Amino acid sequence: MNEPFRDPELPLAQRIADLRDRLTLEEKIGLLHQYQRPVERLGLGPFRTGTEALHGLAWLGPATVFPQAVGLASTWDPDLVRRVGEATGEEVVAFHHKDPAGAGLNVWAPVVNPLRDPRWGRNEEGYSEDPWLTGVMATAYASGLRGSDPTVLRTAPTLKHFLGYNNETDRCVTSSDLPPRVLREYELPAYRPALESGAAVAVMPSYNLVNGRPAHLSPLIGEVLRAWAPDLLVVSDAYAPANLTGLQGYHDDLPEAYAHAVRAGLDSFTQDDDRPEATLGHLRAALERGLLTEADVDAAVRHTLSVRFRLGEFDPATPYDDITEAVVNCPEHQSLAREAARRSIVLLRNDGVLPLDASVRRIAVIGQLGDTLMEDWYSGTLPYAVTARAGLAERCETVFCEAVDRITLTVEGLPAEGTDGRHVVADPDGGPLGIGDEPGRSGLFDLFDWGGGCYALRAVATGRHLSVDDDGVLVNDQPGPNGWEVRQTFRTEDRPRGTLALRHISTGRYLALDGEVFRLADDADAAAWLTVERVVSGAEAAATLAATADVAVVVVGDHPLVNGRETEDRLDLALPAAQQAVVRAVREANPRTVMVISSGYPVTWDGDDPPAVLWSSHGGQEYGHALAEVLFGDADPEGRLTQTWYRSACELPDLFDYDIIASDATYQYFRGTPLYPFGHGLGYTTFDYADLAVSVTGGEDGRVTASVTVTNTGSREGVEVVQIYTRQRRSRVKQALRRLRGFVKIRLAPGESTRVDWGLDVAELAFWDVTRNRFVVEDAPHKIMVGGSSRDIRLCASFHVDGERIPPRDALAGPIAAVDHDEYDSVTFVDADRVSGDAVRSTAEGAWIVFRSVDLGEGAASCAVVAAGEEGGVITLRLDDPLYGPVVGDLPVPRAGRHDLTEVRTGLAEARGVHDLYVVFENAGITVASLSLGEAG
């Protein structure tokens, strides 16, 4: 074939246009679904978006499993993260060559949502609570995935999830309020570097709404994202398009909703799995009704084809054609998995127990995570598993205790029915559980505490976990909690006489006795009353074993599929109570106790810290080897935290409060004393900082540079992550207490020194000015802070930036958007109309927004407000105080629907000069989009 679109020597835009122009409208429509239809007459094969590759290839069988994303970021090593992305990309291609239909080259990774709240169920999928660090790590991982060839992609990375997505609770119907500064300074910066650099070529919108509008319809897709990456492919999240008329009820029918989505920038509908016909039918209907034009379809097709061309689909050959199955879990990738796991481990505390020395001959490995590795929802299938126990056993004698309680369950039934005092027993073949007169081995169960009142039980006789089959019958046939719908976990509810009932978590139904078989029942009154008798205490058994060892290593943490995961947020951050009890018992039995935390999020615990504490995310297949190398000092602990570890969830704002500035959230604004701060991590040596020098050249277009001497003052080689923070010390607005601006990772021998240099464009010190809707560098003093964490600041220096002074807001220059206020109370952010624009709505009587330093000139005589009220109402304008300031005007607000805003006007009492202008909502449910002031005439 000699079609121009197959000529790699032609410009990409020309090739795309040539192919698009050869397609019929029906063929173009067929490209707008996740499963793109082939066009055989032109030699176009099928194409599918969406291969999961968050920390290794997932869902398609055994492949190299690297540490979770939050663990990769804790290495603070972008080059390492890039190499992990590269290895993952190679394995994706290998699977694609074997099964093109099953393994597509559009990968849905990385996740760039800043980790604002550690209770988020998907915390382990992101990189950091800092948007700049998130952008650095996401760009590194995406760069590895896409490959180094300048024109042909190895895979096509997709950033997710756009935008303001940090809660699983009601995720499809909740709206994330993003004030302009939070949007521009915190949320959007995480996406920019990977898109502008070309490391990522696609974006997935999130399930939630943002400021009242579904994220899949966000005008920011076109206004911002495609300004950074013009041919960006935008793919929907799974089944999200149908939410536009379903859960979200934003449109009346799907043709209308899908047309809006395409016009907003959505190119590929992930809906109805591999059955595209319904989606394509709605798009055809939208075209027939004039809701969508062929030009709209052409734009989406161009974005889709752009990615396919860049993947080399229409080239004679690509640089990746020779990749075979031999790369999957190859020795090089295994070594990389080990390196990544080792360098991700964070030493939180150490009183001298670590590193372990040659005197350690016997280690007690303890805990329900001590001899197992966990897969999360986006993990690949582990090709092998080096557990903590296995890794340490290669170094010295180890003894092991799982440290879980072993129990029996007795039915407290009615004597007449013959159930009173009988025992729950497991079927030896994994079938339905029944009742027996004597417990024996079949009546013994191991009780796993996964926190938050969530338990799993394992039958001792079979070694399999209790689960519920499709008929609601209790069976014991599962290796552990697993699957999208986890059926292996239960909560307990108290019943009379010291008994309890078991409630199945995924269904909310109760375990009831149906004859001699246990089955789920809807009615709580039908629940079986059970008495629990502890046969073996996990804590006591652990303490007994720990006392026989030179060192005790207690491995605690979470199960990635339980009590916090996609669709489920955590209620708190506490380690499970039973696991905490084990740590306390072991520490009392053996003062040389090391607590190793394996979790996808920060945790808390009660009581004193053990002598040594380490944390890592779930570390993948080589975790045990990596842990042993760090514990025995083969390697200096290199990991540093990328999130604040709070002392309690009580220190966090509401899960749904996305305004980190107003709520003092994340390390940038948090005023308390954390358990462990952002950037924290210890090593086995010490470092000294000296001779900090800082200079500023130029004005707003200039550059800030700094240098500092760092010296290893310890007795062994070590790694330091030199972190640089800045703080603007005077400003028109509330500024962050500290903000990460850079880091340098260094390795020094004992006594060795090095000079660390750092630079930053002055423009990077800008913040979003709501008075003029642009970034501004203020004329202001700043402070640079250098050290080993956000709270371990060793040296500080001041510098001044010659920027601009933000003048009073010119109230008479034109309409002022309500969302561009400076502060607020009891308002929420909503959509001004369906397509674009934001507004504010009062949630209580007396709610207000304030515009600071408004220049009313020689006198503002009138005010016009674009507003509506659910029940009507009144807006009051006050100067300088929302309660006691002088009233300059009242505006009646008409009763109208959500998007039926109208302009209302009023005259103003005499008001001149510069004042803080308060807009006070006298009623709940009033929406305001803008206000305009007119001068006296």
Side-chain angles (χ1 to χ4, degrees), residues 179-182 659 661-662 728 730-735 767-774 776 778-780 803-829 832 838-867 869 873-893 901 903-923 926-937:
R181 284 193 62 203
V182 176
D659 189 347
I661 300 175
Q728 184 170 333
R730 186 180 65 241
S731 179
R732 178 190 179 276
V733 301
K734 180 179 179 180
Q735 291 284 354
F767 65 90
W768 186 258
D769 176 22
V770 295
T771 72
R772 292 173 292 178
N773 286 305
R774 63 178 175 86
V776 168
E778 272 186 309
D779 187 276
E804 60 182 299
R805 176 183 173 273
I806 299 176
R809 195 189 299 248
D810 186 353
L812 305 177
I816 302 173
V819 293
D820 288 332
H821 55 259
D822 290 289
E823 294 177 53
Y824 61 93
D825 182 62
S826 300
V827 301
T828 189
F829 289 68
D838 294 336
V840 298
R841 182 171 62 214
S842 57
T843 60
E845 295 180 4
W848 53 261
I849 56 176
V850 60
F851 302 92
R852 300 286 186 199
S853 301
V854 175
D855 187 354
L856 301 175
E858 293 303 313
S862 65
C863 179
V865 175
V866 177
V874 174
I875 291 172
T876 301
L877 304 181
R878 291 180 180 268
L879 300 182
D880 303 323
D881 189 274
L883 293 176
Y884 307 110
V887 175
V888 294
D890 291 300
L891 294 98
V893 177
L901 306 182
E903 184 178 271
V904 293
R905 293 180 172 272
T906 188
L908 297 180
E910 182 177 342
R912 64 185 63 199
V914 177
H915 294 272
D916 292 343
L917 177 63
Y918 283 84
V919 178
V920 182
F921 302 80
E922 305 296 348
N923 309 85
I926 295 177
T927 298
V928 173
S930 65
L931 69 157
S932 304
L933 299 180
E935 57 189 343

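Residue numbers run from 1 in the order of the sequence given. Computed over heavy atoms, backbone and side chain alike; hydrogens, waters and symmetry mates excluded. This is a predicted model, so every value here is computed, not measured.
- Listed by chain and number, the residues in a salt bridge (charged side-chain N to carboxylate O under 4.0 Å, His left out) with Glu910 are Arg912 (sequence neighbours excluded).
- Applying the salt bridge (charged side-chain N to carboxylate O under 4.0 Å, His left out) rule to pairs touching residues 844-855 yields Glu823-Arg852, Arg852-Asp916, sequence neighbours excluded.
- The distance from the CZ atom of Phe767 to the CD1 atom of Ile661 is 10.0 Å, given to the nearest 0.5 Å.
- In this structure, Arg878 has no salt bridge (charged side-chain N to carboxylate O under 4.0 Å, His left out) partners at least two apart in sequence or on a different chain.
- Scored by the side chain to side chain contact (heavy atoms under 4.5 Å, CB included) test, Ala818 finds Val840, Ile849, Val928 as partners (sequence neighbours excluded).
- Judged by distance alone, with hydrogens and angles left aside, the side-chain atoms of Glu778 form a donor-acceptor pair with the main-chain N or O of Arg732 at under 3.5 Å.
- For Ile816, the side chain to side chain contact (heavy atoms under 4.5 Å, CB included) partners two or more places apart in sequence, or in a different chain, are Arg809, Phe851, Leu931.
- Evaluation of the salt bridge (charged side-chain N to carboxylate O under 4.0 Å, His left out) rule for Arg772 yields Asp769, Glu804 as partners, not counting sequence neighbours.
- How far OG of Ser853 is from CG of Asp822: 7.5 Å, rounded to the nearest 0.5 Å.
- If you take CZ on Phe829 and CZ on Arg841, they are separated by 12.5 Å, rounding to the nearest 0.5 Å.
- His915 meets the ring pair (Phe, Tyr, Trp, His ring centres under 6.0 Å) test with no other residue; sequence neighbours excluded.
- Annotation: side chain to side chain contact (heavy atoms under 4.5 Å, CB included) contacts of Ala811 (sequence neighbours excluded): Val854, Leu856, Leu933.
- In this structure, CG on Leu877 lies 7.5 Å from CG on Asp890, to the nearest 0.5 angstrom.
- With sequence neighbours left out, the ring pair (Phe, Tyr, Trp, His ring centres under 6.0 Å) criterion links Tyr918 to Trp848.
- Legend: residues meeting side chain to side chain donor-acceptor pair (under 3.5 Å) with Thr828, ordered by chain and number and at least two apart, are Asp177.
- Under the rule for a side chain to side chain contact (heavy atoms under 4.5 Å, CB included), the partners of Glu922 that lie at least two apart in sequence or sit in another chain are Val874, Thr876, Val920.
- Residues passing the salt bridge (charged side-chain N to carboxylate O under 4.0 Å, His left out) test with Asp820, sequence neighbours excluded: none.
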